[in-house]
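Comments concern the structure below.
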Amino acid sequence: MSSVDFTGELTGRRVVLGLSGGAACFKAAELCRLLIKAGATVQVVMTEAACRFITPVTMQALSGRPVLVSQWDDREPNDMAHINLTREADAIIVTPASADFIAQLAQGRAGELLALLCLARPMARVPLLIAPSMNREMWAHPATQRNLHQVARDGANVLGVGDGEQACGEVGEGRMLEPEELMGELIACFTPQSLIGQRVVITAGPTFEAIDPVRGLTNLSSGKMGFAIASAACEAGADVTLIAGTVARATPRGVERVDVVSALDMQTAVVSAVADADIFISAAAVADWRPADLAEQKLKKDGSGHVPHLTFVENPDILSGVAHSPRAQAGDLFCVGFAAETENLRANAQAKRARKGVPLLVANIGPATFGRDDNALLLVDDEGETELPRASKRALARQLITEIARRVSGVDA
Ligand code: C5P
């Protein structure tokens, strides 16, 4: 089961999903399901070897279309499936790509329909994504590495592999990426590279301020918005560091993650990460105060009715500190703040933008966003206000990245 909801994210996209032989064919079935859910039209093409691992019937049921295997399939009126499919496709993804299939691609062979259509694709318009899957020795073999290098040089987008337990029982590199990761790669290949070459630092989630070794103060931030922004920035080509508070969320692929607990930890991580960053997006719900003293042992209830009296000190305002740093003031670091309000969104957002000293402030209603998958945003900057109406956090994150890219580059993304 995917933990990310991709619903509608590939609406109208036409994807050729190719399967060559490998135990990872079962993951292609899940990928097909996710593609359909995301709104894509999926045409499955399988090699003879793939049909030994999973049946075309399964893939037909999931894609809602007959699966093509042979280049001699007479269901195609002009008998040119390789031309018809590639002229209609927006992208081709081969999952799994076996060592043998990659060798065929490297040599430009066309003995089976899948290899043939990869060769026949209009290279300038139709991206080809290759998700290798094989035993670790096969992966490490110089012939495979040579072939992968050649295939990448010939214009394919060769995706990485995972490291871990393999179907053969060995452990190492060569596992195919997970369906969710493959979805991310496909979505990224349709996303304008508006942040290419930009280093982006994002904070997300709540902080946890310890009272004693087992208790602490935190808040209801789920980190969903910040993680979605990290994912969208990565899809747009940025080099992303995500500084995450205390949330158990999967790290978006391609994102470098730094886990922190308290506001002070977050401040240390942020100051170090923004030193060479271009954009800082502060989406974390940082605790305003922390207990003045951390009890070394668990505070005990002694039955006398005595309750502990906690005193607090204010946490540093991380965003304000970064926004007032020399690099931000010189315009080398673009800072974006968030504001979770419960009332007077507009007035509070404008006041907060001035107080924090940020060029762009993103306001939302706290109780209407914490923990939810959707949200609505109000962007406040020098130009005035821009409303991003209620949508999924992933969709809003993409719109926000487009807005930020436009402001940073000065041109429409
Ligand atoms: O003042 P308030 O907490 O509403 O400001 C919210 C914005 O400031 C968010 O961008 C949040 O990440 C950031 N912030 C911070 N350090 C704090 C408090 C908030 O960076 N101590």
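Whatever order the structure lists them in is the order used to number ligands and atoms, beginning at 1.
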Are any of the N or O atoms of [X] closer than 3.5 Å to those of ligand 1?
| X | answer |
| --- | --- |
| Lys356 | yes |
| Ile318 | yes |
| Val286 | no |
| Lys352 | yes |
| Thr203 | no |
| Phe338 | yes |

Heavy-atom count check: over 12 atoms from other residues, nucleotides or ligands less than 6.0 Å from [X] [atom1]?
| X | atom1 | value |
| --- | --- | --- |
| Glu165 | CD | no |
| Arg125 | CZ | yes |
| Arg87 | CZ | yes |

Between [X] and [Y], does any side-chain N to carboxylate O distance fall below 4.0 Å?
| X | Y | answer |
| --- | --- | --- |
| Arg346 | Glu387 | yes |
| Asp239 | Arg199 | yes |
| Asp373 | Lys224 | yes |
| Lys393 | Asp5 | no |
| Arg406 | Glu403 | yes |
| Arg253 | Glu178 | no |

- What's the shortest distance from atom 13 (C) of ligand 1 to any protein heavy atom, and which residue and atom give it? Ser282 OG, 3.6 Å
- Note on the structure: atom 20 (O) of ligand 1 has as its nearest protein heavy atom Leu319 N, 2.8 Å
I'd like to know if [X] contacts ligand 1, where contact means a heavy-atom distance under 4.0 Å to any ligand atom.
| X | value |
| --- | --- |
| Glu341 | no |
| Gln267 | no |
| Ala284 | yes |

- May I ask which of Leu361, Asp317, Val362 has a heavy atom nearer to atom 15 (C) of ligand 1 than the others do? Asp317
- Message: For atom 3 (O) of ligand 1, which of the options Val322, Val270, Val336, Asp288 provides the nearest non-hydrogen atom?
- Response: Asp288
- Please determine if Arg13 forms a cation-pi arrangement with Phe190, meaning its NZ or CZ atom is less than 6.0 Å from the six-membered ring centre and no more than 45° off the ring axis. yes
- Item | Ligand-residue contact atoms, ligand 1 with Pro316, heavy atoms, under 4.0 Å | 16 (N), 17 (C), 21 (N)
- Identify, by atom number and element, the atoms of ligand 1 in contact range of Gly337, meaning under 4.0 Å from any of its heavy atoms. 10 (O)
